[in-house]
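This report concerns only the one structure given below.
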Protein chains: 2
Amino acid sequence: MQKLTAQRQAILDVINRSDKHWDADEVAYALKENDTPIGIATVYRGLAALAEQGLIESIQLADKKRYERADKKHHDHLICTDCGDIEEFCKPEIEKLQDLVASEHDFTIQGHQLLLFGICIRCKGKGI
Amino acid sequence: MQKLTAQRQAILDVINRSDKHWDADEVAYALKENDTPIGIATVYRGLAALAEQGLIESIQLADKKRYERADKKHHDHLICTDCGDIEEFCKPEIEKLQDLVASEHDFTIQGHQLLLFGICIRCKGKGI
DNA sequence: GTGATAATGATAATGATTATCATTCTGACT
DNA sequence: AGTCAGAATGATAATCATTATCATTATCAC
């Protein structure tokens with residue numbers, strides 16, 4: 001029932017073009033630059049639909065949702081509280097421990113979100 | 001410079017009275033019940049101030065912030081996507097791995113947020 | 001090619017949170 | 001006690017991401 005329309009294809013193309021973590025406004029802006037402007041409500045709906053179909057990944061930050069390409073292996077995120085930059089990491093041992101925790105609590109795990117906050121190496125330098 | 005005023009003391013008392021994870025509205029409602037009604041803006045500021053002073057803990061969920069007592073040992077949260085219930089868990093091995101990840105990325109870690117989403121044991125039963 | 005179903009886009013509405021601003025409180029110091 | 005500066009308060013407006021509404025248009029199955 002979910003359709004992959006021209007607009008959603010355009011959104012998907014934008015997101016697949018880079019490793020960025022996009023928010024809705026950034027996607028809308030990129031689409032305008034691209035001469036395929038799409039209404040902001042449609043961008044929101046398109047992002048939600050694409051994420052539901054697994055064609056893109058979503059991460060929920062404190063204030064907003066961001067979306068990224070889905071054709072990467074699973075990872076979590078390091079977020080610099082200074083510059084806002086988002087790095088990715090992968091630590092399967094953590095996932096295993098999460099599954100253990102869930103089973104200890106008779107909890108059927110559906111997903112997780114792990115964010116590490118701190119100062120990235122670039123901002124550490126510039127601080128002084 | 002941050003002051004622990006009567007209003008903030010009242011907010012703190014409400015939160016310390018239970019193991020709940022409170023949002024601002026719930027705190028405001030409890031204060032009204034308590035015959036110490038406080039303006040909603042003041043509740044928000046009070047919660048932020050108390051969290052900054054370490055007198056309460058805050059957790060950032062998708063849509064809103066929630067606050068809980070600070071006099072417990074560190075833990076993370078299991079969130080039932082059906083009933084919204086929040087359980088707590090403690091797994092120091094995960095924290096250690098997080099520190100390891102951070103150091104691998106030359107990242108000075110300041111904090112983290114780990115949420116596990118799924119179905120709690122109660123909702124599993126009632127679903128059939 | 002005709003319905004049924006879904007998508008679009010402009011705009012209004014929502015909901016949590018923050019900003020504004022006039023007023024009041026607090027604590028330190030005369 | 002009196003004064004002054006810095007905070008806090010509370011009512012309300014503003015903000016910002018997101019969702020709802022609704023009339024219109026596109027899409028797909030038959």
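All chains are named by letter (A, B, ...) in the order of the sequence lines, taking the proteins before the strands, and each is independently numbered beginning at 1. Hydrogens, waters and symmetry mates are skipped; everything else that's a heavy atom, side chains included, is used.
Using a 4.5 Å heavy-atom threshold, the side chains of B:Val101 and B:Ile109 count as separate. Residues A:Arg66 and A:Ile86 meet the side-chain proximity criterion, which asks for heavy atoms closer than 4.5 Å. Here the side chains of A:Glu26 and A:Val14 are not in contact, with every heavy-atom distance at 4.5 Å or above.
Distances shown here put a side-chain N or O of B:Gln7 below 4.0 Å from the OP1 or OP2 atom of D:dG10. When the side-chain nitrogen and oxygen atoms of B:Gln2 are compared with OP1 and OP2 of D:dG6, none of them lie within a distance under 4.0 Å.
Nucleic acid contact class of A:Asp23 (heavy atoms, under 4.0 Å, all strands): none.
Residue A:Phe117 comes nearest to B:Phe107 through the heavy atom pair C-CE2, 3.7 Å, listed as atom of the first residue, atom of the second, then distance. Nearest heavy-atom pair, B:Tyr67 versus B:Lys65, reported as atom, atom and distance to 0.1 Å: OH-CD, 3.4 Å. Shortest non-hydrogen contact noted between A:His105 and B:Glu88 is CE1-O, 3.2 Å.
Between A:Lys65 atom NZ and C:dA16 atom C1' there is a gap of 15 Å when expressed in whole angstrom units. For the pair A:Glu52 CD and C:dA7 C1', the interatomic distance rounds to 14 Å; values are reported in whole Å. Whole-Å rounding puts the B:Gln9 CD to C:dC25 P distance at 19 Å. For the pair A:Leu61 CG and D:dC16 C1', the computed distance is 15 Å after rounding to whole Å. Rounded to whole Å, atom C1' of D:dT18 lies 11 Å from atom CD of A:Gln60.
At distances below 3.5 Å, not a single donor-acceptor pair connects side-chain atoms of A:Asn34 with backbone N or O atoms of A:Thr36.
With D:dA17, D:dT27, D:dG6 as the choices, the nucleotide that has an atom nearest any side-chain atom of A:Lys64 turns out to be D:dA17. Minimum atom distance to the side chain of B:Lys3 is reached by D:dA7, of the listed C:dA7, D:dG10, D:dA7. Of the candidate nucleotides C:dA16, D:dG6, C:dA7, C:dA16 has the atom lying nearest to any side-chain atom of B:Asp25. Taking only side-chain atoms of B:Arg8, from C-beta outward, the nucleotide of C:dT8, D:dT27, D:dA8 with the closest atom is D:dA8.
Residues of residues 28-50 of chain A that place a heavy atom closer than 4.0 Å to DNA chain D, in numerical order, are A:Ala41, A:Tyr44, A:Arg45.
Comparing B:Ala24 and B:Thr5, the nucleotide of DNA chain C nearest to each residue sits closer to the 5' end for B:Ala24.
Overall, the helix from C:dG1-D:dC30 to C:dT30-D:dA1 carries an axis bend of 30° between its ends, with five pairs at each end and the value rounded to 10°.
The salt bridge (Lys or Arg N to Asp or Glu O under 4.0 Å) analysis of residues 46-57 of chain B, with sequence neighbours excluded, yields no pairs.
Counting non-hydrogen atoms of other residues, nucleotides and ligands closer than 6.0 Å to NZ of B:Lys72 gives a total above 12.
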